[in-house]
Amino acid sequence: MAQPADLRGADDSVGSMTASDNLIDGRSIAEQIHRETAERIGSLKARGLAPGLTFVRVGEDPASRVYVGMKERMSQRLGIRSTTEVLPEGATEGVLLELIGRLNADSGVHGILVQAPLPRHIDAARVYKAVSPDKDVDGFHPVNVGKLLLGDTTGFVPCTPAGVHELLIRSGVRIEGADVVVLGRGTIVGKPMAALLVQKARHANATVTVCHSLTRDIAVHCRRADILIAALGVARFVKADMIKAGAVVIDVGVNREPDSSVKTGYRLVGDVDFDSVRQVAGRLTPNPGGVGPMTIAMLMQNTVRAAENSIRAPTLDSRT
Ligand code: GUN
């Protein structure tokens, strides 16, 4: 498996990679972050402040139930006070906005996460705009989106792209000057991912190409990538012949693939054809066990920062 030296940063010992293994282990890096977050929670509690995070779920979408459940369990494990508000599928936008207003006004709630997707009759943009930017641990509020574009690190960055960024940094992948190709231009991953990596900042300064459903010759773009980030939501879209030898490949996708051999009738697969791509890539994320745990780690980190900010004015650079 090719692993060119030019893709490595100064510290290749970080993460759980060994010489015979080209996997970027999101689970162990996320655990490392959780330890740091737990320490910060301990410091806050010593000052009499327990960080609080409220999840809002509308309807009973099975995937959303699973995701919110995982985030809740991690909150509890780390000592974040978490609650979940569930509204029925048919709840009006007005009821949801009223709930958000109450959570904004509650000083015990430092972070608010409204799980997407929302039912179609609700205007998601209006909902995310209603969350106080100071409690917007999802980084979806226009103020935080703007701060990300401006390179203002006092804002909150959406958890999945923040997690991918941290995964690259802590795995010692050199981002500066790299050709990065992001597959997908969604608001939750693709667009903020590109904004993070193109910044004139340490661990950024990449040349970023964003590909989407109307991009011609996607494979040509992919083959130029030093770092390929797949977030387009198409099962096993990225094949080995789309990868430059030695490239770093990050799989954000979570797709259902029919599988009659399991009870649920489906299994979850990523956007990357893992077995073939592994033969060509320098390093790649497993899926599961890559980006997913990092998303949760970033949510916990954002929540703790929101709680810290509530007792002191934000510093110039408080994105940690
Ligand atoms: N649905 C899928 N990913 C996310 C996320 O990062 N935040 C929220 N709120 N909903 C999601």
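Fair warning: this is a prediction, and the values are worked out from it, not measured in the lab. No hydrogens, no waters, no symmetry mates; every other heavy atom, side chains included, goes into these values. In this chain, residues are counted from 1 in sequence order. Whatever order the structure lists them in is the order used to number ligands and atoms, beginning at 1.
Within a 6.0 Å sphere centred on CD of Glu176, other residues, nucleotides and ligands contribute more than 12 heavy atoms.
Residues passing the salt bridge (Lys or Arg N to Asp or Glu O under 4.0 Å) test with Glu89: none are found, sequence neighbours excluded. Residues meeting the side-chain contact (heavy atoms from CB on, under 4.5 Å) test with Ser261, sequence neighbours left out: Asp259.
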Below 3.5 Å, can you tabulate the donor-acceptor pairs from side chains in residues 47-62 to any protein atom, sequence neighbours excluded?
{"from": "Thr54", "atom 1": "OG1", "to": "Thr83", "atom 2": "OG1", "distance (Å)": "3.0"}
{"from": "Arg57", "atom 1": "NH1", "to": "Gly59", "atom 2": "O", "distance (Å)": "2.9"}
{"from": "Arg57", "atom 1": "NH1", "to": "Glu60", "atom 2": "OE1", "distance (Å)": "3.1"}
{"from": "Glu60", "atom 1": "OE1", "to": "Arg65", "atom 2": "NH1", "distance (Å)": "2.9"}
{"from": "Asp61", "atom 1": "OD2", "to": "Ser64", "atom 2": "N", "distance (Å)": "2.9"}
{"from": "Asp61", "atom 1": "OD2", "to": "Ser64", "atom 2": "OG", "distance (Å)": "2.9"}

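Of the possible polar contacts, one joining the Gln199 side chain to the Ala195 backbone as a donor-acceptor pair under 3.5 Å is found.
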Anything under 3.5 Å between an N or O on ligand 1 and a protein N or O? List each pair with its distance, or write none.
{"from": "ligand 1", "atom 1": "1 (N)", "to": "Gln115", "atom 2": "NE2", "distance (Å)": "3.2"}
{"from": "ligand 1", "atom 1": "1 (N)", "to": "Ala116", "atom 2": "O", "distance (Å)": "3.0"}
{"from": "ligand 1", "atom 1": "7 (N)", "to": "Asp138", "atom 2": "OD1", "distance (Å)": "2.9"}
{"from": "ligand 1", "atom 1": "7 (N)", "to": "Asp138", "atom 2": "OD2", "distance (Å)": "3.4"}
{"from": "ligand 1", "atom 1": "9 (N)", "to": "Val114", "atom 2": "O", "distance (Å)": "2.8"}
{"from": "ligand 1", "atom 1": "9 (N)", "to": "Asp138", "atom 2": "OD2", "distance (Å)": "2.6"}
{"from": "ligand 1", "atom 1": "10 (N)", "to": "Ala116", "atom 2": "N", "distance (Å)": "2.9"}

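Residues Asp136 and Lys129 are not paired through a salt bridge, judged by the lack of any N-O separation under 4.0 Å between the basic side chain and the carboxylate.
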